[in-house]
Structure formats: C-alpha cells, structure tokens
Amino acid sequence: MSITAIRGFNDILPEEAELWRRIEEESVNVFASYGFSEIKAPIVERTELFLRSIGETTDIVEKEMYTFLDRNGDSLTLRPEGTAPVVRAYIEHRLYECPVTKLYYAGPMFRYERPQKGRYRQFYQIGAEVLGDASPKADAETLEMLMRLFETIGLKGAVLQINSLGCPGCRPAYKELLYAFLLERKESLCVNCIRRMDTNPLRALDCKNPGCIEATKDAPPIAESLCADCAGHFRAVQSTLGRLGIEASINKRMVRGLDYYTKTTFEITASGLGAQNAVAAGGRYDGLVSGLGGPETPCFGFAMGIERVALLLKENGFLKRRPLSVFIAMGDEAELKGVELLREWRKKGIRIVEDFSEGSLKSRMKRADRIRARYALILGTDELRHGEITVKDMTTAGQERLKWEIVADRISSAEGY
RNA sequence: GUGGACGUAGCUCAACCGGUUAGAGCACUGGACUGUGACUCCAGUGGCUGGGGGUUCGAGUCCCCUCGUCCACCCCA
C-alpha cells in the first residue's frame with residue numbers, strides 16, 4: 001500500500017456518490033419549494049469568524065478546528081460548520097437589505113475529532129438559513145420542511161426534539177439559578193461539568209455521565225425561567241408544529257454546542273447510527289448577525305449530515321442496472337465505423353462506453369456484465385456489411401439486429417434507460 | 001485527548017499449545033462452449049501475514065514500539 005487518504009478523510013466512490021447526489025437533489029427540490037436559494041461560501045475563513053460566532057469556550061473552537069497560518073501570517077481556519085460563513089457573506093454583501101433571505105448551502109466541513117461511525121474529519125452538510133424572520137412560524141415551517149425532506153427521501157424513524165434556550169434577556173438569570181443549583185451538588189458532578197460550571201453551566205444538563213444525570217434530575221427547567229417573549233415564542237412554535245401535523249417532543253435537557261443559539265433549538269435523531277444519532281440539528285440565532293457587525297437580524301437555521309443520512313438510506317439500497325450501453329466491435333474496420341456511430345448515438349443522449357479490449361467475445365460480454373450495463377451493442381463483420389448491429393438486452397438476454405439509424409430511438413425508449 | 005477490539009491474497013475470513021512449502025470462498029484470467037454475460041464444472045494467476053525491533057533452534061502466532069481501521073467516551077451533523 002503506497003499513499004492512502006488521511007485519517008478521517010474519505011473517498012466517496014461512485015456507487016455511494018450516486019446516493020449522495022440523490023440526497024442533494026431531493027434536498028434542493030424541497031428547499032426550493034420553500035423559497036430557498038443557494039449560496040456558495042468559501043471553505044476557508046479567518047479564524048476570528050469562528051471564535052466570535054461559535055464561541056471561544058466551545059469544544060469546536062477549543063480543540064477541533066483545523067487552523068493554520070497562511071503565508072501572510074493570517075490565521076485561517078477550515079470551516080467547522082456552515083452558518084458562520086453564510087452569515088459573514090450575508091453581512092458583507094448587504095443581503096439584509098432584502099426583508100427576508102432564505103439560503104441553503106451544501107459542502108464539506110472540517111473538525112479534528114477521532115473518527116467513528118457517522119463521524120469524520122471531513123464531513124458534508126446541507127444546511128439552510130432563514131435570515132430576517134423573527135416569527136415562530138419560521139421555526140415551525142422550517143422544521144416541517146426538514147421532516148418532509150426526510151419523508152421524501154425515504155428516511156424512516158426520524159424523531160424531532162425541541163427546546164428553548166431563552167435569550168440574552170432571560171438566560172443570564174437562569175444561568176445564575178442553575179449555577180446555584182449545581183453548586184449544591186458539586187461533589188456528584190463529573191470533572192468536566194465542574195470545569196464548565198462558570199463558563200457554561202447549561203452543559204451539565206446535557207452530560208451523559210450517570211452521576212451528572214442523577215444530580216441534575218431535579219434541576220430547574222429552562223422553560224420556567226423564560227421571559228414572556230421567549231415563552232410565547234416557544235408556545236407558538238409548538239402550536240404551529242401541531243397545526244402542521246409535526247410531532248415534536250420537548251427535551252428540556254437539550255443544549256447545543258454552539259454559543260450563538262437563542263430561543264428554539266432542535267435535534268432530529270434516528271436509530272441505526274450508533275452513538276452519533278443526530279441527522280440534523282439547529283435552531284434560532286437572533287444575536288449572531290448583529291454580533292458579527294450586521295444589523296439586528298433574527299434568524300433560524302439548521303444543518304443536516306449527509307454521511308449520516310446516507311448511512312440510514314443505505315439499509316434499503318440495492319444495485320440497479322445502469323442506463324448504460326457497451327459497444328463491442330469485432331475487428332479494426334468495425335472499430336473505425338464504431339467511433340462514427342457512437343458519436344451520433346451519444347449526440348442523441350445514449351450513454352455508451354466502448355470496450356477496446358482484445359479478448360474473446362465471451363470475455364468482453366463478461367466485462368459488459370461486470371460494469372452492469374443494460375445493453376451490449378455488438379458490431380461484427382456481418383453486421384457491418386448490412387449496416388446493422390446486434391443489440392442485446394442484458395437484463396432479459398433477448399437480442400435483435402437493428403439498422404444503425406433506429407438504434408438510438410430503440411434504446412432510449414426502453415424502460416429504465 | 002481517553003478506553004477497548006482488530007490489522008493474514010483485490011474482498012470476506014481460516015491456520016491447534018510457537019513447528020515443514022500460510023489455506024478456503026468470492027473476485028480475476030483461461031478452458032469446457034470457433035460470435036454471446038449471469039448458472040455449472042475444470043485449471044491458473046495472486047501474499048515482505050500493516051511497518052520496525054525483541055525473545056526463540058524456529059514467530060502469522062509471544063513481548064515492546066509504531067502506523068492504520070473500527071467501536072465507544074468526549075463532543076457533534
């Protein structure tokens with residue numbers, strides 16, 4: 001084995017890439033029907049963008065970023081998530097001059113983590129952001145869109161959990177309350193939670209350590225500390241979801257790993273992914289745009305992990321014969337005529353490859369089968385003389401000799417081609 | 001960053017307590033079948049046992065180091 005891909009960075013081979021393309025196509029279709037347009041932001045940004053958006057004390061920033069100095073000495077970072085770059089572009093190009101902007105993006109993200117099932121160092125997300133809409137209906141409608149997407153691509157068993165994290169108006173008071181509560185039970189908390197008590201006590205609610213779960217069982221719920229605005233917003237999200245027929249359970253322990261979230265947060269999980277069971281997650285981030293120097297702009301967004309969706313979809317995947325023909329010429333003259341014919345047939349949209357191998361017809365037929373082609377087109381000396389070609393359907397084993405002129409029509413009208 | 005499992009042919013795996021020339025299935029190539037794939041039968045190609053060091057008369061097997069994969073923790077999509 002000579003040079004291999006680096007750890008956590010994977011090749012997506014054609015069979016899987018096709019599945020990915022289906023996921024992306026369906027996503028784009030659904031997003032478009034809700035009025036989203038695509039934005040393509042760079043993969044590398046100034047490190048500062050992520051420090052200021054994600055938060056300096058988050059795990060992502062503290063230990064997971066691919067950060068390096070470029071030749072000028074600027075600190076740059078491979079994007080660990082998609083929202084911050086989108087918001088940066090939104091501000092930079094003054095897209096806020098439009099009252100509501102709905103954007104989606106797709107592409108690779110990078111986090112330096114130990115790879116495991118459903119988690120890689122380069123991973124792909126499709127995400128969408130609604131910028132400039134404060135209404136709880138925007139939250140609910142976007143969630144409905146996501147659930148619809150999962151339904152259309154055939155992903156089964158997606159479960160939606162929601163929570164509200166409050167806003168800068170009410171969260172500080174809650175943090176105090178929770179801090180006091182945790183302080184009383186400090187002995188039973190894990191070291192991690194004790195360390196984070198001062199900076200981000202909410203993380204203790206999310207901790208999976210049995211001691212912490214037990215200790216925080218009766219912690220004061222955020223819901224009771226929300227200000228009138230946040231509480232009303234949360235109720236409205238729930239009732240709108242109800243009217244849209246979307247089931248959502250409230251998970252009052254759910255805390256996101258990024259600092260910019262406010263009010264609604266959510267996570268969609270599915271079984272079959274191992275420990276990494278979230279397929280999509282996101283929430284509202286009303287303070288991010290202004291925090292990065294733009295105008296006050298309430299926003300809601302999410303990101304979906306393509307690897308994880310693909311992992312779940314692969315369970316009911318099967319190999320199909322591809323809409324592809326293989327051209328097999330017997331002899332030099334037939335080969336010469338072949339390139340001419342292929343040129344015409346391809347012009348008519350027939351997907352076709354030529355088998356240039358020297359082997360017997362038998363071995364060449366075998367190759368055609370191996371690449372799972374639908375048709376084998378055999379041009380021998382007799383066919384050549386008559387202006388015909390033998391067309392064999394590899395799925396039915398039936399074959400017929402056709403005049404060159406009608407081959408393209410015959411093939412393209414076949415079902416599944 | 002931490003813990004556990006595992007690295008043997010292209011793939012999936014076998015090889016007893018350390019013992020002769022490391023095997024099988026699948027795949028690949030050819031033949032049975034002169035121009036017809038899949039099913040069947042026969043034959044053949046294919047290995048620095050991840051890499052390095054050590055113990056031993058002898059290492060795929062035991063010990064150490066290293067690299068890698070997987071799973072879990074942490075965290076997250």
Side-chain angles (χ1 to χ4, degrees), chain A residues 1-2 4-10 54 58-64 79-83 106-127 146 190-193 195-196 200 203 206-210 212 254-258 266-270 273-283 301-312 321 326 328-331 334 355 357-384 389-399 401:
Chain A
M1 195 68 90
S2 45
T4 55
I6 57 182
R7 162 171 249 195
F9 289 69
N10 301 118
I54 298 169
T58 56
D59 279 41
I60 292 178
V61 168
E62 277 180 354
K63 51 183 205 195
E64 295 174 3
R79 62 180 186 197
E81 60 104 31
T83 299
M109 306 296 162
F110 304 85
R111 289 183 203 168
Y112 191 90
E113 299 182 273
R114 193 91 161 244
Q116 70 184 76
K117 187 171 187 175
R119 190 176 76 184
Y120 312 99
R121 290 183 171 179
Q122 174 173 329
F123 60 102
Y124 290 74
Q125 288 186 336
I126 297 180
L146 243 186
C190 69
V191 282
N192 232 320
C193 287
R195 185 175 60 80
R196 289 187 301 215
N200 196 352
R203 298 315 296 263
D206 204 27
C207 189
K208 285 170 197 148
N209 183 297
C212 299
M254 188 176 63
V255 174
R256 309 264 65 234
L258 291 76
F266 77 94
E267 202 168 287
I268 295 174
T269 56
L273 287 172
Q276 312 303 318
N277 63 353
V279 285
F302 68 83
M304 166 177 114
I306 300 188
E307 288 82 353
R308 294 184 185 179
V309 173
L311 217 51
L312 290 165
R321 286 233 165 225
V326 173
I328 299 171
M330 315 289 285
D355 184 310
S357 67
E358 302 269 303
S360 63
L361 179 60
K362 177 188 174 70
S363 73
R364 297 169 77 178
M365 289 299 288
K366 208 167 173 176
R367 293 159 68 99
D369 189 45
R370 282 279 301 159
I371 62 175
R372 288 165 30 226
R374 174 73 192 274
Y375 291 105
L377 312 179
I378 305 157
L379 186 65
T381 45
D382 194 50
E383 286 94 338
L384 189 60
I389 191 161
T390 296
V391 177
K392 177 162 188 173
D393 185 332
M394 303 295 276
T395 58
T396 63
Q399 68 180 48
R401 276 177 66 153

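This is a predicted model, so every value here is computed, not measured. Numbered from 1 within each chain, the chains take letters A, B, ... in sequence-line order.
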Report task. Write down the distance separating the P atoms in B:rU55 and B:rA15, rounded off to the nearest Å. Result -> 28 Å
Query raised in the report: Could you state the interatomic distance from CZ (A:Arg121) to CZ (A:Arg111), rounded to the nearest 0.5 Å?
Result: 13.5 Å
Query raised in the report: With a non-hydrogen cut-off below 4.0 angstrom, is A:Ile328 in contact with a base, only sugar-phosphate, or nothing?
Result: nothing
**Report entry** Separation of the C1' atoms in B:rC65 and B:rA27, to the nearest angstrom
**Finding:** 36 Å
Query - Distance, nearest 0.5 Å, that separates CD1 of A:Ile60 from CD of A:Glu81 - result: 6.5 Å
Report summary line: Expected string for nucleotides 28-33 of chain B under the B/S/- scheme (protein heavy atoms, under 4.0 Å, primed atoms plus P, OP1, OP2 as sugar-phosphate) is S-S---
Query raised in the report: Distance between the C1' atoms of B:rG51 and B:rC33, in whole angstroms?
Result: 48 Å
Query raised in the report: Once you round it to whole Å, what is the distance between P of B:rC39 and CE of A:Met365?
Result: 14 Å
Requested in this report: Using a strict cut-off of less than 4.0 Å between a Lys/Arg side-chain nitrogen and an Asp/Glu carboxylate oxygen, indicate whether A:Arg203 and A:Asp59 qualify as a salt bridge.
Outcome: no
**Report entry** Heavy-atom donor-acceptor pair, A:Arg308 side chain to A:Gly118 backbone, under 3.5 Å
**Finding:** yes
Report task. Answer with base, sugar-phosphate or nothing: what part of the nucleic acid does A:Thr269 contact at a heavy-atom distance below 4.0 Å? Result -> nothing
Report summary line: CD1 of A:Ile378 to CG of A:Leu361, rounded to nearest 0.5 Å, is 5.0 Å
Query raised in the report: Any sub-3.5 Å donor-acceptor pair from A:Arg364's side-chain atoms to A:Ala329's backbone N or O?
Result: yes
Report task. Look at all strands and tell whether A:Ala376 reaches a base, only sugar-phosphate, or nothing, counting heavy atoms closer than 4.0 Å. Result -> nothing
Query raised in the report: Looking across every strand, which nucleic acid part, if any, lies under 4.0 Å from A:Glu383 by heavy atom: base, sugar-phosphate, or nothing?
Result: base
Requested in this report: Report the distance from atom CG of A:Leu377 to atom CG of A:Asp355, rounding to the nearest 0.5 Å.
Outcome: 11.5 Å
Query raised in the report: Among all residues two or more places apart in sequence or in another chain, which pass the salt bridge (charged side-chain N to carboxylate O under 4.0 Å, His left out) test with A:Glu113?
Result: A:Arg119
Report task. Between B:rU8 and B:rG3, how far apart are the P atoms? Round to whole Å, please. Result -> 24 Å
Report summary line: Rounding to 0.5 Å, atoms CZ (A:Arg374) and OG1 (A:Thr395) come to a distance of 4.0 Å
Report summary line: Read 5' to 3' with Watson-Crick or G-U pairs under 3.5 Å, [ ] for crossing pairs and | for partners on another strand, RNA chain B gives (((((((..((((.....[...)))).(((((.......))))).....(((((..]....))))))))))))....
Report task. For nucleotides 71-77 of chain B, just jot down a letter per nucleotide in 5' to 3' order: B, S or -, based on protein non-hydrogen atoms under 4.0 Å. Result -> SBBBBBB
Requested in this report: Give the rounded distance in Å between these two atoms: CD1 of A:Ile6 and C1' of B:rG68.
Outcome: 13 Å
Query - Gap between atom NZ of A:Lys366 and atom OG of A:Ser360 - 0.5 Å precision - result: 9.5 Å
Query - Nearest-Å distance once atom P is located in both B:rU61 and B:rG53 - result: 14 Å
Query raised in the report: Using atom P of each nucleotide, how far apart are B:rC16 and B:rC73 to the nearest Å?
Result: 35 Å
Report task. Applying salt bridge (charged side-chain N to carboxylate O under 4.0 Å, His left out), name anything that partners A:Glu267, two or more places apart in sequence or on another chain. Result -> A:Arg256
Query raised in the report: Say you pick atom P in B:rG60 and the same atom in B:rG54; how far apart are they, in whole Å?
Result: 15 Å
**Report entry** Gap in Å between the two P atoms, one belonging to B:rA5 and one to B:rC63, rounded
**Finding:** 12 Å
Query raised in the report: Which residues pass the ring-ring contact (aromatic ring centres under 6.0 Å, His included) test with A:Tyr124, sequence neighbours left out?
Result: A:Trp20
